[in-house]
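For reference, the structure discussed in these notes is given below.
Side chains included, hydrogens not; waters and symmetry mates left out as well; all remaining heavy atoms used. Letters A, B, ... are given to chains in the order of the sequence lines, protein chains preceding strands, and every chain is numbered from 1.
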There are 2 protein chains.
Amino acid sequence: MKVKEIPENTLHRLVIYLKVLEDLEKKRIESISSEELARRCGVNSAQLRKDLTFVGHLGTKGVGYNVRSLKYSLKNFLGRSQEWNLVLGGLSPLGIFLLENKELQKEGFYFMAAFDHREENIAKIYNGVSVYSLDQISYVFKAIKVDIGVITAEENPEIYLEAFLNQGLKAILNLSKAPLFVKDTSVKIENFSFPLALTKLSYFLKDSDKG
Amino acid sequence: MKVKEIPENTLHRLVIYLKVLEDLEKKRIESISSEELARRCGVNSAQLRKDLTFVGHLGTKGVGYNVRSLKYSLKNFLGRSQEWNLVLGGLSPLGIFLLENKELQKEGFYFMAAFDHREENIAKIYNGVSVYSLDQISYVFKAIKVDIGVITAEENPEIYLEAFLNQGLKAILNLSKAPLFVKDTSVKIENFSFPLALTKLSYFLKDSDKG
DNA sequence: AAGTGTGAACTTTTTCACAGCT
DNA sequence: AGCTGTGAAAAAGTTCACACTT
């Protein structure tokens, strides 16, 4: 049986639903309708229900959704019931910020190693994470299981991408200024940078001037 | 004449085209075909050409695009020919990182003020940017022109959103963990957080296990 | 000859609307 | 009576394919 591929936008929304459900659970809300949950997620209720069909049948007709069980299903569906190991590529200020920040650990994402191509950074330790030379990458990848590569290099991010792909990594969060792409559909890259996000807003502001 | 609203995905791609063109210009590449530019941006060439129709007629038939002039048109179209003033909401480690980082200034985004609701942070200065109490917000907004609000609060991001909207801000970059939404379509919110981005990757990894 | 710009065809996504379960 | 789950309809987005310009 061929499982229908989940659309990118649906995935994006499912991730939001999960986060909003976690907050609802903290607020001790036990049950919610698609209408109300959709409102809190900025979407249409029919869309929310349709999105949830990818996860499975989870509501009770005439009643709504149990917050705790829907959260649990979504968390499981999105692969967030397990922990994931990260490596960092490129020791920029943002890279150091991420290594030192404890928030990702709380969410189950653990940096296991960092890589940099500049001699002066090698063997430094940030929050218990060692910085290795890119030359040592195959040695490091043999010693630990790595799931996700996070690229924070300010220059030549593509050298980290290439090194990660050579090691067989299939998931990359690219936080460098330059968006990165690969043809290989077995590899997933998420591109984000602050200037890119701000540019979408600057378009919006410029455009609303004209109105 | 009613100008057709630009789709969200098209906007996202246009922002990428601009960044890739800037890099091409740095590499002294003067001319490029839609085929080649599309390849570098991870899209189909017909889509790239269609996307560019929102910007205007910019290529030369039989030849391709002039990198410099296309970059210039896109930059202008996206509102990046001008500078924009930012304010920060919530003095988290990420907030401090952004204030201290010079990269955004290089791109034409300037933090003018920061706000925090915790007494102990008021009047601190980071990289020349002063931290104000939320109570002082209307005073600060009267003194300076503000274009974009950047929310980096680790808790209760919605209080900063509300304060910014009360001051008439129309563009928000929300970097807190909780996605934020508003009904008012004259307000644009970009939501991003590291855990959300990583969750998309964790779904991908979990899903490819099954294959 | 080469490669853009664009209607038309196709595909995907969203919304509607209601049958059916609790 | 109320709200989910889902086919069917509508809308939106993508790709094709070629006329047209340089």
Side-chain angles (χ1 to χ4, degrees), chain A residues 2-17 20-21 24 29-74 77 181 183 185 200, chain B residues 2-17 20-21 24 29-74 77 181 183 185 200:
Chain A
K2 187 167 178 295
V3 176
K4 199 159 179 252
E5 184 109 4
I6 187 172
E8 183 60 34
N9 285 353
T10 298
L11 174 58
H12 184 89
R13 288 190 298 265
L14 289 176
V15 172
I16 289 170
Y17 304 156
V20 170
L21 285 163
L24 287 169
I29 292 167
E30 291 179 7
S31 177
I32 194 163
S33 68
S34 63
E35 191 78 36
E36 173 62 10
L37 181 56
R39 198 188 53 73
R40 291 178 185 248
C41 296
V43 300
N44 171 302
S45 70
Q47 180 157 78
L48 182 141
R49 294 198 301 275
K50 190 75 98 182
D51 287 343
L52 290 182
T53 61
F54 286 96
V55 183
H57 299 181
L58 307 149
T60 307
K61 294 188 180 185
V63 177
Y65 300 89
N66 178 278
V67 169
R68 203 174 141 73
S69 81
L70 182 54
K71 183 212 73 172
Y72 187 84
S73 298
L74 267 172
F77 181 80
F181 305 94
K183 283 213 162 160
T185 55
K200 290 192 197 175
Chain B
K2 187 168 176 295
V3 177
K4 197 158 180 255
E5 185 108 3
I6 188 173
E8 185 59 35
N9 286 353
T10 298
L11 174 58
H12 185 89
R13 290 190 298 265
L14 289 176
V15 172
I16 290 170
Y17 304 155
V20 169
L21 285 163
L24 287 170
I29 292 167
E30 290 180 8
S31 177
I32 195 162
S33 67
S34 63
E35 192 79 37
E36 172 63 9
L37 181 56
R39 197 188 54 73
R40 292 178 183 249
C41 296
V43 300
N44 171 302
S45 69
Q47 179 155 78
L48 182 141
R49 293 199 300 277
K50 191 75 98 181
D51 287 344
L52 290 181
T53 60
F54 286 96
V55 183
H57 299 182
L58 309 149
T60 308
K61 293 188 180 188
V63 178
Y65 299 89
N66 177 278
V67 169
R68 203 173 142 73
S69 79
L70 181 54
K71 184 212 73 172
Y72 187 84
S73 297
L74 267 173
F77 181 80
F181 305 95
K183 282 213 162 160
T185 56
K200 290 191 198 177

| field | Side-chain heavy-atom pair A:L14, A:Y17 within 4.5 angstrom cut-off | value |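 Contact flag for A:L14/A:Y17 side chains = yes.
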| said: Would you say that B:F181 contacts A:I16 through its side chain, given a criterion of any heavy-atom pair below 4.5 Å between the two side chains? | reply: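 Yes, close enough: below the 4.5 Å cut-off.
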| Residues in side chain to side chain contact (heavy atoms under 4.5 Å, CB included) with A:Y72, at least two apart? |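 Testing A:Y72 for side chain to side chain contact (heavy atoms under 4.5 Å, CB included), a comparison that skips the adjacent residues, returns none.
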Donor-acceptor contacts under 3.5 Å from residues 56-63 of chain A side chains, at least two apart:
none

| said: Please confirm whether the shortest side-chain N or O distance from B:R13 to OP1 or OP2 of D:dG13 is below 4.0 Å. | reply: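 Looking at the OP1 and OP2 atoms of D:dG13, neither is under 4.0 Å from any side-chain N or O of B:R13.
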| message | Using a strict heavy-atom distance below 4.0 Å, which residues from residues 59-73 of chain B are in contact with DNA chain D? | response |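 Within residues 59-73 of chain B, the residues near DNA chain D are B:T60, B:K61.
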| task | Determine the sole option in B:L21, B:I32, B:V55 for which the side-chain contact (heavy atoms from CB on, under 4.5 Å) test with B:L70 is passed. | result |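 Exactly one candidate clears the test, B:L21.
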| said: Evaluate A:V43 against A:L37 for side-chain contact (heavy atoms from CB on, under 4.5 Å), listing each step before the verdict. | reply: CA-CA 9 Å; A:V43 300; A:L37 181 56; over 6 Å; no
| query | Which salt bridge (charged side-chain N to carboxylate O under 4.0 Å, His left out) pairs, counting each pair once, include a residue from residues 32-45 of chain A, with sequence neighbours left out? | reply |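 Those involving residues 32-45 of chain A are A:E36-A:R39, A:E36-A:R40.
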| said: Considering only residues two or more places apart or on different chains, which pairs with a residue in residues 41-55 of chain B satisfy salt bridge (charged side-chain N to carboxylate O under 4.0 Å, His left out)? | reply: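 Sorted pair list: B:R13-B:D51.
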| task | Starting from P on D:dC16, measure out to CD on B:E35 and report it in whole angstrom. | result |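 Result: 11 Å.
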| Tell me: CG of B:L11 to P of D:dA12, nearest whole Å? |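 Spelled out: CG on B:L11 to P on D:dA12 is 17 Å.
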| field | Intermediate values then yes/no, side-chain contact (heavy atoms from CB on, under 4.5 Å), A:I6 and A:F77 | value | CA-CA 12 Å; A:I6 187 172; A:F77 181 80; 3.9 Å; yes
| task | Not counting sequence neighbours, which residues clear side-chain hydrogen bond (donor to acceptor under 3.5 Å, both in side chains) with A:H12? List them please. | result |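 B:K200.
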| query | In residues 42-58 of chain A, which residues come under 4.0 Å of DNA chain C by heavy atom? | reply |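 Those residues are A:N44, A:A46, A:Q47, A:R49, A:K50.
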| message | Please identify the 5'-most and 3'-most nucleotides of DNA chain C with any atom under 4.0 angstrom from a heavy atom of chain A. | response |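 It runs C:dT13 to C:dT22.
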